[in-house]
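First comes the structure, then the notes that go with it.
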Amino acid sequence: MKIWFSFIEGIRNIKRAKLASTITITSVAFAHLLIGVFLLFSVNINQIIGDVRSKIELEVFLEADLSVKSGRSVEKKIIGLEGVKDVKYISKEDAAKRFQEEFGRNIYEVLTFNPLPSSCTVKVKKGYRNYSFIKKLSTEIGRIDGVDEVKYQKQILSLIDRYITIVYAIAAAAGIILIIIAIVLLYNTIRLTIYGRKDLIDIMKLVGATKTMIKRPFIVEGFVEGLFGALIASVILYGSILLIKRYIYPYVVNAVEIYIILLISGATIGIIASGMSLVRHLKEI
Amino acid sequence: MKIWFSFIEGIRNIKRAKLASTITITSVAFAHLLIGVFLLFSVNINQIIGDVRSKIELEVFLEADLSVKSGRSVEKKIIGLEGVKDVKYISKEDAAKRFQEEFGRNIYEVLTFNPLPSSCTVKVKKGYRNYSFIKKLSTEIGRIDGVDEVKYQKQILSLIDRYITIVYAIAAAAGIILIIIAIVLLYNTIRLTIYGRKDLIDIMKLVGATKTMIKRPFIVEGFVEGLFGALIASVILYGSILLIKRYIYPYVVNAVEIYIILLISGATIGIIASGMSLVRHLKEI
Amino acid sequence: MIEFYNVNLDINRVGILRNISFRIVKGEFTFLIGPSGAGKSSIIRMIYMDVFPISGMVVVDRYSSAKIRRREISMLRRKIGVIFQDFKLLTDRSVFDNVAFSLHVVGERNKEIKRRVLKVLAEVNLSHKRNQYPDELSGGEKQRVAIARAIVNNPIIVLADEPTGNLDYASSVEIMNILERINKQGTAVLMATHDAALLKKYSHRQISIDQGVLNKK
Amino acid sequence: MIEFYNVNLDINRVGILRNISFRIVKGEFTFLIGPSGAGKSSIIRMIYMDVFPISGMVVVDRYSSAKIRRREISMLRRKIGVIFQDFKLLTDRSVFDNVAFSLHVVGERNKEIKRRVLKVLAEVNLSHKRNQYPDELSGGEKQRVAIARAIVNNPIIVLADEPTGNLDYASSVEIMNILERINKQGTAVLMATHDAALLKKYSHRQISIDQGVLNKK
Ligand SMILES: Nc1ncnc2c1ncn2[C@@H]1O[C@H](COP(=O)(O)OP(=O)(O)OP(=O)(O)O)[C@@H](O)[C@H]1O
Ligand SMILES: Nc1ncnc2c1ncn2[C@@H]1O[C@H](COP(=O)(O)OP(=O)(O)OP(=O)(O)O)[C@@H](O)[C@H]1O
Ligand SMILES: [Mg+2]
Ligand SMILES: [Mg+2]
């Protein structure tokens with residue numbers, strides 16, 4: 001049998017068994033919609049948590065009468081610590097300016113002296129933005145000469161860190177369950193559609209078609225239907241994300257990688273499910 | 001046709017088409033596993049957020065020299081406010097005792113006087129534990145005579161409230177998509193299994209069976225398979241929850257209602273999907 | 001009992017039968033003959049109301065093709081025993097259950113079903129195969145199951161579409177004897193056949209068609 | 001060409017054939033006769049290696065049932081044209097594509113496929129039905145498609161399982177003429193039949209079986 005005939009047959013089979021191919025494509029589309037929603041959900045949750053974490057900073061208040069020079073030296077010491085991304089030194093004068101900006105009044109008009117301490121704002125590198133590290137860092141900074149007090153958003157951090165592992169664990173479990181379910185349901189669907197053509201397969205065997213000849217068009221069919229189903233899911237997801245971005249939540253994240261994953265997964269599952277179903281039906285002779 | 005014959009036929013059909021019924025039961029089970037995981041996930045996330053919220057309380061510091069009598073009157077005024085669940089008055093003496101408990105030293109040994117202010121701890125009723133209400137409540141309490149300062153966990157609250165709507169919206173959307181997907185996939189599966197028996201249905205029509213006679217056994221079959229699939233999903237979920245409770249996260253919440261929902265859903269979807277598929281196949285004559 | 005009035009039949013816009021009129025009365029035995037593709041099976045399908053004329057009218061028992069309703073089609077079919085040319089057996093149940101199905105459809109009691117099915121299986125010489133499935137039968141055996149199912153119900157009409165196509169001469173004569181016997185009991189029989197030997201042996205009335213039109217004799 | 005050596009066949013533990021031995025040489029035309037359920041179709045199924053003996057051996061062309069491998073079964077079947085008793089047409093493709101399928105299987109060129117299919121459809125008088133689907137054909141027409149598919153490939157053996165069961169006498173004779181013609185060109189033909197008229201008209205060798213055993217003459 002010529003190979004191109006197998007390809008043409010595969011495409012024709014999609015038309016021949018309209019109900020079966022419609023159902024397969026719908027199933028692939030829905031299953032991938034599910035996986036896609038899950039992936040986008042994860043990416044966005046991750047993004048939100050990352051956002052919150054990136055806003056975490058330590059405020060280091062220096063001793064009230066520390067000179068600018070000593071302050072700068074504290075700044076340098078902090079920069080030298082592990083995990084510190086950058087440090088911003090705020091002198092007493094800077095603090096006074098900020099006060100003016102925030103409250104609209106010059107502090108020297110209110111009081112005769114400037115009671116605001118100089119301080120440093122410390123940002124932490126990406127991988128270090130967790131409670132236990134920042135706690136350690138804060139005591140370390142606290143021990144530096146000239147530092148009066150270190151403050152940071154303890155509560156938010158400990159909250160995120162307490163529940164994050166649970167959330168990730170549940171999400172991973174849900175993700176795995178989801179993918180297994182998608183595969184099993186698709187496999188079942190394709191198996192049923194192929195089972196529905198069992199008689200035809202048997203007849204082909206009887207007129208001298210080899211296994212490969214029978215298989216190839218089904219594999220082509222599985223590939224095309226899988227890809228097409230995943231494409232439909234991708235289009236729906238992409239459209240939804242655009243709508244959500246526009247009308248509901250403008251910061252929603254869209255990742256091209258997800259659509260590539262979906263398309264590859266659709267085609268692969270289509271091929272694998274067809275192949276596996278056929279193995280069962282072709283077992284005898 | 002006798003009705004009991006329809007029932008017996010329905011049960012027998014499950015055995016006659018082993019592949020189809022196995023696949024249907026698997027599909028129902030997996031789809032309901034999905035729905036079940038989602039429901040349990042939601043219930044637990046809700047529980048966690050509820051836990052965090054239930055720990056929210058306002059600390060109301062009273063003016064330094066306020067008498068116990070005036071303090072008690074402030075307490076009464078706060079109790080009278082909308083949304084307040086209960087108020088605990090902590091006198092200067094109580095505060096001193098607490099200091100002793102926490103730091104292990106009598107404050108009068110350290111200082112000659114008690115600098116700790118008296119205060120009230122305010123708990124908020126269930127429906128009111130959100131940022132905007134608590135903010136309002138705090139200013140309201142702040143205006144009461146004798147109140148010096150009101151503190152509460154602003155950051156956690158605003159964090160939860162900022163993202164909660166998004167999380168709920170996404171969860172609801174995901175839930176709806178999930179249920180639609182489960183129904184469509186199941187409907188497709190059952191439709192394919194019934195399509196596989198199209199020839200048999202046609203023959204039955206030709207020997208004089210009415211629509212009802214043909215339908216009834218399939219409905220029975222759908223009911224039994226749906227219920228059985230949902231049962232399998234429930235058992236798997238229940239077992240998983242027990243394992244999670246034991247080895248991973250002891251505070252995981254298990255809700256009996258979920259299993260009841262799953263069983264009803266399984267049986268209903270089984271019946272509806274069979275019924276709908278049949279309508280299509282029985283349309284002609 | 002069976003009346004065709006100027007019947008024209010198209011399927012998928014292809015003309016199959018043209019201007020067919022004939023009448024079969026109660027208790028008559030009639031052969032339907034004609035070459036392959038003439039339209040014999042189509043005439044039989046019109047009698048059990050599987051296809052409908054585009055013009056003209058088919059009247060069977062007291063039902064007319066012009067106004068029969070769905071439920072009535074089922075009722076009519078229960079009174080007609082059809083031996084289909086391609087057997088149309090339920091492949092997912094045994095020989096016994098295939099034959100019993102017609103009786104379950106009319107709500108017969110279980111004990112009675114058992115008695116009648118066994119009796120009719122004995123008549124077509126298939127008692128020993130009653131627990132086998134259609135796929136496990138030879139061509140002639142399948143045909144005999146189809147015959148058993150058609151007559152188990154004491155129908156008022158038996159439509160037999162080449163009931164002996166897969167049977168040797170001896171078996172064919174046995175089947176003819178069964179059909180003749182139920183015909184004697186008042187059942188009308190319409191039998192499409194090619195079997196020249198049978199046509200020679202039995203001198204029943206013959207309706208002959210060719211390319212969709214009735215042959216006048 | 002076809003040799004049976006003391007063949008015993010069981011299906012599902014039921015004895016079907018007992019101690020069958022015979023030989024058909026290249027280019028021979030043989031009838032296979034016997035009552036319904038005798039085992040004719042089973043013999044034919046053993047020749048295209050669909051079922052295997054529990055003891056004894058079937059040798060076809062240069063393949064033996066004892067050691068043939070899966071791939072070889074496909075190769076063998078391409079050299080054998082089988083007219084199945086129940087036709088076994090692919091219901092999801094047209095008459096043309098059904099017949100063409102055997103040629104696609106052996107990798108024939110498209111143009112050649114078209115030429116040969118049209119030629120053989122003309123031989124069985126089905127050119128005008130080439131674009132119809134099996135469900136749109138009469139019993140005899142389906143049978144003729146099955147015949148066309150079996151011979152389009154110029155097989156070295158044709159196995160015909162009651163190829164005229166659904167055909168009138170005139171069509172049967174036409175089919176016999178086709179089979180005789182390809183037989184003259186060197187193809188061995190084994191034809192199971194009940195048709196007494198044909199058996200009388202054609203004086204080929206007859207193999208007769210009854211209840212699974214060969215009748216000695
Ligand atoms: N669904 C259909 N679409 C188109 N043509 C059809 C359809 N069904 C039947 N025909 C055509 O109608 C004609 C009559 O068919 P019918 O089955 O009635 O013939 P028949 O007399 O029973 O033949 P046979 O002896 O071969 O069984 C045939 O030529 C057939 O091809
Ligand atoms: N899968 C099976 N299981 C059990 N018995 C079977 C099976 N297949 C065939 N048989 C039995 O084997 C016997 C021979 O069958 P076969 O089909 O070879 O007969 P045949 O000579 O072709 O008959 P016919 O003329 O009716 O077609 C029959 O009695 C049949 O019931
Ligand atoms: Mg016919
Ligand atoms: Mg046979």
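Every chain is numbered from 1 and lettered A, B, ... according to where its sequence line falls, protein lines coming before strand lines.
Contacts between Lys142(C) and chain D at a heavy-atom distance below 4.5 Å involve the side chain alone, from C-beta outward. Residue contact with chain C, scored on non-hydrogen atoms closer than 4.5 Å, involves the backbone and the side chain of Glu141(D) alike. For chain D, no part of Asp161(C) is nearby; none of its heavy atoms comes within less than 4.5 Å. Residue Leu167(C) touches chain D through both its backbone and its side chain, counting heavy-atom pairs closer than 4.5 Å. Residue Ser36(D) touches chain C through both its backbone and its side chain, counting heavy-atom pairs closer than 4.5 Å.
Counting all heavy atoms, side chain and backbone alike, Asn166(C) lies closest to Gln85(D) at OD1-NE2, 2.8 Å. For the residue pair His194(D) and Gly165(C), the shortest heavy atom distance occurs at ND1-O, 4.4 Å.
Taken from CG in Asp168(C) to CG in Asp195(D), the straight-line distance is 12.0 Å, to the nearest 0.5 Å. For the atom pair CD (Gln132(C)) and CD1 (Ile11(D)), the distance works out to 10.0 Å, reported to the nearest 0.5 Å.
Note on Ser172(C), Ser171(C), Ser138(C), Ser42(C): by heavy-atom pairs under 4.5 Å with chain D, the leading option is Ser138(C).
Glu3(C) meets the side-chain hydrogen bond (donor to acceptor under 3.5 Å, both in side chains) test with Tyr5(C), Arg23(C); sequence neighbours excluded.
The local environment of CD in Gln211(D) is sparse, with at most 12 non-hydrogen atoms from other residues, nucleotides or ligands closer than 6.0 Å.
Using a 4.5 Å heavy-atom threshold, the side chains of Val14(D) and Glu136(C) count as separate.
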